[in-house]
Amino acid sequence: MTITRREIIKTGLAAGTALSVPAILRARTSPDDARTVRWVLDGNIVVFDPIVSSTGAQNHALAIYDTLFEIDSKGIPQPQMVGKWGASEDKKNYTFQLRDGLTFHDSSPVTAADCVASILRWGQVDAGGKLIMSKVKDISKQGEKTFTITLDEPMPLLIPLLAASTVGYYLAIMREKDAKLPPTEQVTANIGSGPFKFNQALAKPGASFTYDRNEQYIPRQEPADGYAGGKVVKVDRVVGQVISDQQTAFAALQAGEVDFVQLPAQVLYPVIKSDPNLELETINNAGVDMFLRMNCLQKPFNNVKMRQAMLHLIDQEAIMLAAGFDPNYIHPVTSIFGNSSPYSNDENTGWYKKGGDPERAKHLLQEAGYAGETVLILQSTDWPQASNAAQYLANTLRKIGVSAELASSDWAGVEERRANKGPIEDGGWSVFISDFSDSKFGNPISLPLLLANGADAWYGWPKNDEYEALRAKWAEVETLDERKALAREMQRLAWDFVGTVVLGQYMQPIARRKSLIGLVHVPTAVYPMWNMQKVSV
């Protein structure tokens, strides 16, 4: 649902009047309210296993699972579950020792065998994990708390790839018996060793998910820094609520029924700023890049000229404004490495024009021999900005003679359908819209969006062997300058075969009550639950 300024005035929001809140959101005041945080999530959780889904399960995974390394606010890997580690002189053998006091939520100790099984499962699905596995001679436990990774050849990016948990698939350390499940079969136990426990009994799919403080968890001694450092839990419970209606979510925040709205409607920013009890805060300091993917396996986008037409057609500013983003919070993106990466560059960006180039797009349609095939755009109705962008895209395509249709569903439906590689008549698709944190675009090994290995690539399945050969070198070079040179060559190719069309970057502040403080600032849109607390104001 998109809220217009006219609707705000009609409902009294501009004057700061709280809307009525459905009874389902109201709760009796209880003694533990001061230590319970109610958090409006950015969507429903359908898949809970972070190895089965690289996106929807990440906030959940970050709360209940711990991992070996984490990145700090500067993107530098830091030990998390690992207490000590070292590499042999030839850089082929790495030894890792777990820190003391690690236990799972069922009180069983975390062992090296759990870590080995978890790495092996993750290594079957994550792009960075697959690269590690292609160079691994052996991964094995050496004791209850020690394991080794032996490589066929040195790999300078081993530790950064193990720490890239919020870029691709989250390297959740699970119990060995859970981690031995195939990566296509979802783990249902939800038992990790992280700072929160998932309260299965209180889970209400589609409505709310409850996380309780793990009293056995022993945080690291370092202060919280990005995803690294001490994960100190200062509340007893976090209730993640699913409220798809943005007006209802804001009303609940204003009335004090919730403490934190992850994706507030941007049209409400002025109202939030004017409310003495509320605060806008940008937790994801790198911003988020919205993009569209085309099905490169099926008509019409199996033709590269059709994909190039889309690149020239898009007016980034117009589509971001049509999506509902505040003009003060949007920026164009012309690099496949985003705006905040050291690898961001201007190679082969002559296609970018403010306002787009519909005439060039029409010319490319003719070169492609477009014959009126339907372009089916997946529209996520419970993500307002993406829904609006999909509608704008459909109208823009129709203006240049493309037969565009929308397939509406919630985001879970988009996730399910986008996995279909078949034609539209068999349940397939042509285009879907999604986003990733801008900081992720600096990692072409782990970010699935930056793969171009055909049927094994991320949804859309673009293929370019020359690009993939360059991407494979990323893990082999040792210096920043060498990777910058690779980045330029990769981008030169990427904007020719067009696996992705970027729609623009937006900064997305969260909205919170001023009584909720201590939220950790991170470089992606996966938000930690630790460190925050409620205070009297």
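Throughout, numbering of the chain's residues begins at 1 and tracks the sequence.
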Report yes if the side chains of [X] and [Y] come closer than 4.5 Å at any heavy-atom pair, otherwise no.
X	Y	value
L313	T396	yes
I377	V375	yes
N295	W461	yes
M294	M310	yes

Salt bridge check: are [X] and [Y] linked by an N-O gap of less than 4.0 Å?
X	Y	answer
D66	K231	yes
E468	K473	no
D49	R121	yes
E367	K305	yes
D178	K180	no
D225	K74	no
E153	K92	no

At what distance, to the nearest 0.5 angstrom, does [atom1] of [X] lie from [atom2] of [Y]?
X	Y	atom1	atom2	answer
M306	S430	CE	OG	9.0 Å
L292	I314	CG	CD1	5.5 Å
D72	Y227	CG	OH	12.0 Å

Distance alone, cut at 3.5 Å: any donor-acceptor contact between the side chains of [X] and [Y]?
X	Y	result
Q491	S335	yes
T479	D481	no
H521	N284	no
N93	T150	yes
S344	N339	no
T67	Q80	no
Y506	H331	no

Review point. Taking it one step at a time, do R417 and N420 satisfy side-chain hydrogen bond (donor to acceptor under 3.5 Å, both in side chains)?
Key: CA-CA 6 Å; R417 187 164 184 174; N420 188 328; over 6 Å; no
Answer yes or no: are there more than 12 heavy-atom neighbours, outside [X] itself, under 6.0 Å from its atom [atom1]?
X	atom1	value
K135	NZ	yes
E482	CD	yes
K421	NZ	yes
E425	CD	yes

Review point. Between F209 and F48, is the gap from one ring center to the other below 6.0 Å?
Key: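 Yes, the ring centres sit under 6.0 Å apart.
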Exercise for review: Give a yes or no on whether the ring-centroid distance for F198 and Y211 is below 6.0 angstrom.
Suggested key: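 Yes, close enough.
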Practice item. Report the C-alpha distance between S434 and R293 in whole Å, list the side-chain angles of each, state the deciding distance to 0.1 Å, and finish with yes or no for side-chain hydrogen bond (donor to acceptor under 3.5 Å, both in side chains). Key: CA-CA 8 Å; S434 188; R293 291 283 277 190; over 6 Å; no
Distance-only, no hydrogens or angles: does the [X] side chain make a donor-acceptor pair with backbone N or O of [Y] under 3.5 Å?
X	Y	value
N464	A452	no
Y370	E373	yes
R471	P444	yes
S387	P384	no

Review point. Are S53 and Y169 close enough, and set up right, to give a side-chain hydrogen bond (donor to acceptor under 3.5 Å, both in side chains), and what steps lead you there?
Key: CA-CA 7 Å; S53 172; Y169 289 82; over 6 Å; no
Exercise for review: Write down the atom of P156, the atom of E478, and the distance for their closest heavy-atom approach.
Suggested key: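 Residues P156 and E478, closest heavy atoms: CG-CG, 3.7 Å.
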Exercise for review: Locate the shortest heavy-atom distance separating D126 from S446; write the atom from each residue and the value.
Suggested key: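 Between these two residues, the closest heavy atoms are OD2-OG, 3.9 Å.
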Practice item. Any chance you could lay out the side-chain hydrogen bond (donor to acceptor under 3.5 Å, both in side chains) test for D382 and S380, step after step, and finish with the verdict? Key: CA-CA 6 Å; D382 56 351; S380 174; 2.9 Å; yes
**Study point:** Which residues share a ring pair (Phe, Tyr, Trp, His ring centres under 6.0 Å) with F337, sequence neighbours left out
**Key:**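 So F337 forms a ring pair (Phe, Tyr, Trp, His ring centres under 6.0 Å) with W474.
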